[in-house]
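Notes to accompany the following structure.
FYI, the numbering just counts along the sequence from 1.
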Amino acid sequence: MIKIVNMNEEHIKDLAKLEKECFHTPWTEKQLAEELKNEYSLFLVALNDETVTGYVGCQTTIDGGYITNVAVFPNMRGQGIAQKLLFELNNKIKQKNLEFITLEVRVSNIPAINLYKKMNYKEVGVRKNFYRNPKEDALLMTCYINE
């Protein structure tokens, strides 16, 4: 059974491993640990029993949130973990009385785009050459919380 919890120090090592498996420019343990001290960070971890399966990171502002990363270990994909993480993030954003959540996603990442659309994210723009390794445009998507 998957449960969603707030990130804490004991998750850092596993999250850094997840970052290396999922991203061309992974966050380090130090960078992840620094988010624990940041009052504007909202990082949620998906656990299967006590094993880290995925996470979502979000920076909050005065009226919204910006998703920095969504990642699920490759062997755990297709089980709705990312959807559960996003659902819980939306709940936390609502509790903070924020209006929206926004993110960038590679234009080639069709499974992620489809998930975000399913979670009521709308395409709001394109950021040309946003990503490196390989160079690629980013689709900017936003979810308006009270829509």
Min side-chain heavy-atom separation [X]-[Y] under 4.5 Å:
| X | Y | answer |
| --- | --- | --- |
| Asn69 | Val56 | no |
| Thr61 | Asp63 | yes |
| Phe100 | Val124 | no |
| Glu99 | Tyr144 | no |

Problem - Greater than 12 external heavy atoms within 6.0 Å of Asn75's CG - result: yes

Practice task
Mark yes when over 12 heavy atoms from residues, nucleotides or ligands other than Ile110 sit less than 6.0 Å from its CD1; otherwise mark no.
Solution key: yes

Checking [X] side chain against [Y] main chain: does a donor-acceptor pair fall under 3.5 Å?
| X | Y | answer |
| --- | --- | --- |
| Arg106 | Asp137 | no |
| Thr102 | Met141 | yes |
| Asn8 | Glu10 | yes |

Indicate if [X] and [Y] have the same hydrophobic cluster label, given that clusters are the connected sets of ILVMFWY residues with side-chain heavy-atom separations under 4.5 angstrom.
| X | Y | result |
| --- | --- | --- |
| Leu98 | Leu140 | no |
| Tyr66 | Leu139 | no |
| Phe23 | Val45 | no |
| Phe87 | Val70 | yes |
| Trp27 | Tyr40 | no |

What's the separation between atom [atom1] in [X] and atom [atom2] in [Y], rounded to the nearest 0.5 Å?
| X | Y | atom1 | atom2 | result |
| --- | --- | --- | --- | --- |
| Glu34 | Ile12 | CD | CD1 | 10.0 Å |
| His11 | Leu36 | NE2 | CG | 10.0 Å |
| Leu42 | Leu44 | CG | CG | 5.0 Å |
| Glu88 | Asn6 | CD | CG | 8.5 Å |
| Ile67 | Cys58 | CD1 | SG | 6.0 Å |
| Ser108 | Ile113 | OG | CD1 | 7.5 Å |

Problem - NZ/NE/NH1/NH2 to OD/OE distance under 4.0 Å, Lys3 and Glu50 - result: yes

Practice task
Begin from the C-alpha positions of Asn90 and Cys143 and carry the test side-chain contact (heavy atoms from CB on, under 4.5 Å) through to its verdict.
Solution key: CA-CA 9 Å; Asn90 277 15; Cys143 176; 3.9 Å; yes

Problem - Cys22 to Val72 - nearest heavy-atom pair and separation - result: SG-O, 3.7 Å

Fill in the blank from the handout: Nearest heavy-atom approach of Leu115 to Ala82 is CD2-CB, 3.5 Å

Handout entry: Full working for side-chain contact (heavy atoms from CB on, under 4.5 Å) between Thr25 and Arg132
Key = CA-CA 9 Å; Thr25 310; Arg132 301 174 298 196; 4.3 Å; yes

Exercise for the section: Mind checking side chain to side chain contact (heavy atoms under 4.5 Å, CB included) for Ile2 and listing every partner two or more places apart, or none if nothing turns up? Expected result: Ile4, Ala46, Asn48, Thr53, Ile81, Lys84

Practice task
Determine, step by step, whether Gln83 and Tyr116 satisfy the side-chain hydrogen bond (donor to acceptor under 3.5 Å, both in side chains) criterion, reporting the C-alpha distance in whole Å, the side-chain angles of both residues, the deciding distance to 0.1 Å, and the verdict.
Solution key: CA-CA 8 Å; Gln83 185 173 346; Tyr116 299 135; over 6 Å; no

Handout entry: Geometric class of the Phe43/Tyr55 ring pair [parallel <30°, tilted 30-60°, perpendicular >60°]
Key = parallel

Handout entry: Derivation of the side-chain contact (heavy atoms from CB on, under 4.5 Å) call for Leu47 and Val52
Key = CA-CA 5 Å; Leu47 300 174; Val52 171; 3.8 Å; yes

Exercise for the section: Taking atom types as modelled, find out whether Glu35 and Gln59 have a side-chain donor-acceptor pair closer than 3.5 angstrom. Expected result: yes

Exercise for the section: Check the side chains of Asn129 and Glu136 for a donor-acceptor pair under 3.5 angstrom, ignoring hydrogens and angles. Expected result: no

Practice task
Begin from the C-alpha positions of Glu19 and Gln31 and carry the test side-chain contact (heavy atoms from CB on, under 4.5 Å) through to its verdict.
Solution key: CA-CA 11 Å; Glu19 280 280 321; Gln31 289 171 308; over 6 Å; no

